[in-house]
There are 2 protein chains.
Amino acid sequence: MGVTKTEIFTEQQNRIADLAKAFSHPARVAILQLIVERKACICGDLVEELELAQATVSQHLKELKRIGIIQGEINPPRVCYCINPVVWQEAQESFGTLLNTFVLTTACCN
Amino acid sequence: MGVTKTEIFTEQQNRIADLAKAFSHPARVAILQLIVERKACICGDLVEELELAQATVSQHLKELKRIGIIQGEINPPRVCYCINPVVWQEAQESFGTLLNTFVLTTACCN
DNA sequence: TTGGTTAAATGTATTATTGCGATTAATTCT
DNA sequence: AGAATTAATCGCAATAATACATTTAACCAA
């Protein structure tokens, strides 16, 4: 996306943006939902469920791993992915806090 | 980003991805935080606070408007932006529900 | 060793995103 | 009417993201 000027924002703002990226593509939402639903998933199962090529799924998994919200356990020749509870909880708290800063009664300029 | 295959995902998954986009860039996080904090913001104030050009801020505002999470009231020659309570609540519920599907006790493949 | 299986990595094409200068549009104020 | 103010839009350059075919790597089994 062109060059995001991360240096002019706070750590917190950059981290929230990064966590939000985990959910900002429907394929990643679907992947996370499947992993949660089944407790864990091997890559091949995800490829079967989603109508996406193996390379594409693998790339989304890589991005989710970069963010930290999933972790992969190598179980040759498979890799089993599961939620990283620590980061998942971080997401819960971050979004929860941010979304709760706005209270409905203090709405608007209308 | 290449062509996201929205048609192979559910409405819900696509909507969550879209809502997450509101938070997936630190500038937009900062903008939303400022609007919430001050109840409302005119574009010029945001440009002053953030070290970004007016055109850039305007574009982020446009994206946030597209998603629906903010709304702009024209108050010439200014525009006053504020949170759209309906969509904000939708985000609360969507993320809340999704993030609560995972319970810590049912963790992992480790 | 030789396959077979699975997933990561690589390379490529395409499209989206970011950021900004410059321009334009809309509306006040004088 | 003319000047000033404010924000949207346009156009551009640079970079990131999507998607996939193909190749590579890692491992097990026979």
Side-chain angles (χ1 to χ4, degrees), chain A residues 1-9 13-14 17-31 34-35 40-67 70-82 109, chain B residues 1-9 13-14 17-18 20-32 34-35 40-67 70-82 109:
Chain A
M1 348 174 152
V3 190
T4 297
K5 296 171 109 185
T6 50
E7 72 280 4
I8 68 172
F9 302 106
Q13 286 164 342
N14 283 310
D18 226 32
L19 286 170
K21 268 186 205 162
F23 300 97
S24 70
H25 191 286
R28 290 195 289 272
V29 174
I31 288 171
L34 281 168
I35 293 179
C41 271
I42 62 175
C43 177
D45 292 348
L46 296 169
V47 174
E48 266 183 53
E49 288 289 335
L50 311 170
E51 306 175 41
L52 289 172
Q54 181 266 322
T56 306
V57 173
S58 199
Q59 199 172 327
H60 283 300
L61 289 169
K62 184 181 177 182
E63 174 68 1
L64 291 170
K65 262 191 296 183
R66 183 192 65 75
I67 296 165
I70 65 168
Q71 54 199 188
E73 168 111 339
I74 296 171
N75 194 347
R78 282 158 243 253
V79 179
C80 175
Y81 288 101
C82 59
C109 43
Chain B
M1 347 175 142
V3 190
T4 296
K5 298 170 109 183
T6 50
E7 71 279 3
I8 67 173
F9 302 106
Q13 287 164 341
N14 284 310
D18 226 31
K21 269 187 204 161
F23 301 96
S24 70
H25 192 287
R28 289 195 288 273
V29 173
I31 288 171
L32 290 170
L34 281 167
I35 293 179
C41 270
I42 62 175
C43 177
D45 292 348
L46 296 169
V47 175
E48 267 183 52
E49 288 288 336
L50 311 170
E51 305 174 43
L52 289 171
Q54 182 265 321
T56 306
V57 173
S58 199
Q59 198 170 330
H60 283 301
L61 289 169
K62 184 181 178 184
E63 174 68 0
L64 291 171
K65 261 192 297 183
R66 182 191 65 76
I67 295 164
I70 66 169
Q71 54 198 188
E73 168 111 339
I74 295 170
N75 194 349
R78 282 158 243 252
V79 178
C80 176
Y81 287 101
C82 59
C109 42

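Below, chains carry the letters A, B, ... as their sequence lines are ordered, and counting in each starts from 1. Small disclaimer: the values here were computed from a predicted structure and weren't measured.
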Legend entry - Interatomic distance, A:Glu7 CD vs C:dG19 P [rounded to whole Å]: 9 Å
Inset, instruction - Quick one: list whatever passes side-chain hydrogen bond (donor to acceptor under 3.5 Å, both in side chains) with B:Glu48, sequence neighbours left out. - result: none
Legend entry - By salt bridge (Lys or Arg N to Asp or Glu O under 4.0 Å) - contacts of B:Glu49 (at least two apart): B:Arg38
Legend entry - Interatomic distance where NE2 belongs to A:His60 and P belongs to C:dA9 [whole Å]: 16 Å
What protein N or O atoms touch nucleotides 20-29 of chain C N or O atoms at under 3.5 angstrom, if any, and at what distances?
from   : atom 1 : to      : atom 2 : distance (Å)
C:dC20 : OP1    : A:Lys5  : NZ     : 2.7
C:dC20 : OP2    : B:Ala53 : N      : 3.1
C:dC20 : OP2    : B:Thr56 : OG1    : 3.1

Inset, instruction - Apply side-chain contact (heavy atoms from CB on, under 4.5 Å) to B:Ile42 and list each qualifying residue two or more places apart in sequence or on a separate chain. - result: B:Asp45, B:Arg78, B:Cys80
Inset, instruction - Not counting sequence neighbours, list each pair that qualifies as a side-chain hydrogen bond (donor to acceptor under 3.5 Å, both in side chains) and has a residue in residues 53-63 of chain B. - result: B:Arg28-B:His60, B:Glu63-B:Arg66
Inset, instruction - Examine D:dC28: is either OP1 or OP2 under 4.0 Å from a nitrogen or oxygen in the side chain of A:Arg78? Give yes or no. - result: no
Legend entry - Between C1' of D:dA26 and CD1 of A:Ile42, the distance in whole Å: 16 Å
Inset, instruction - Look at the side-chain N and O atoms of A:His25 and state whether any lies under 4.0 Å from the OP1 or OP2 oxygen of D:dA19. - result: yes
Inset, instruction - Could you say whether A:Val57 or A:Phe9 is positioned toward the 5' end of DNA chain C, judged by the nucleotide with the nearest heavy atom to each? - result: A:Val57
Legend entry - Nucleotide C:dA9, atom C1' - distance to NZ of A:Lys65 in whole Å: 11 Å
Inset, instruction - Return the value, rounded to whole Å, for the distance between atom CZ of A:Phe23 and atom C1' of D:dA17. - result: 18 Å
Legend entry - B:Ile67 CD1 to C:dT17 C1', straight-line distance once rounded to whole Å: 13 Å
Legend entry - Distance, nearest 0.5 Å, that separates CG of B:Leu64 from CD1 of B:Ile70: 4.5 Å
Legend entry - Rounded distance (nearest 0.5 Å) linking atom OG1 of A:Thr4 with atom CZ of A:Phe9: 8.0 Å
Inset, instruction - Name the residue closer to the 5' end of DNA chain D, choosing between B:Gly44 and A:Ser24 according to the nucleotide with the nearest heavy atom. - result: B:Gly44
Inset, instruction - Kindly check if the number of other-residue, nucleotide or ligand heavy atoms within 6.0 Å of CD1 (B:Ile8) is above 12? - result: yes
Inset, instruction - Rounded off to whole Å, could you give me the CG-to-P distance for the B:Leu64 and D:dA7 pair? - result: 16 Å
Inset, instruction - Rounded off to whole Å, could you give me the CD1-to-C1' distance for the B:Ile31 and D:dA7 pair? - result: 13 Å
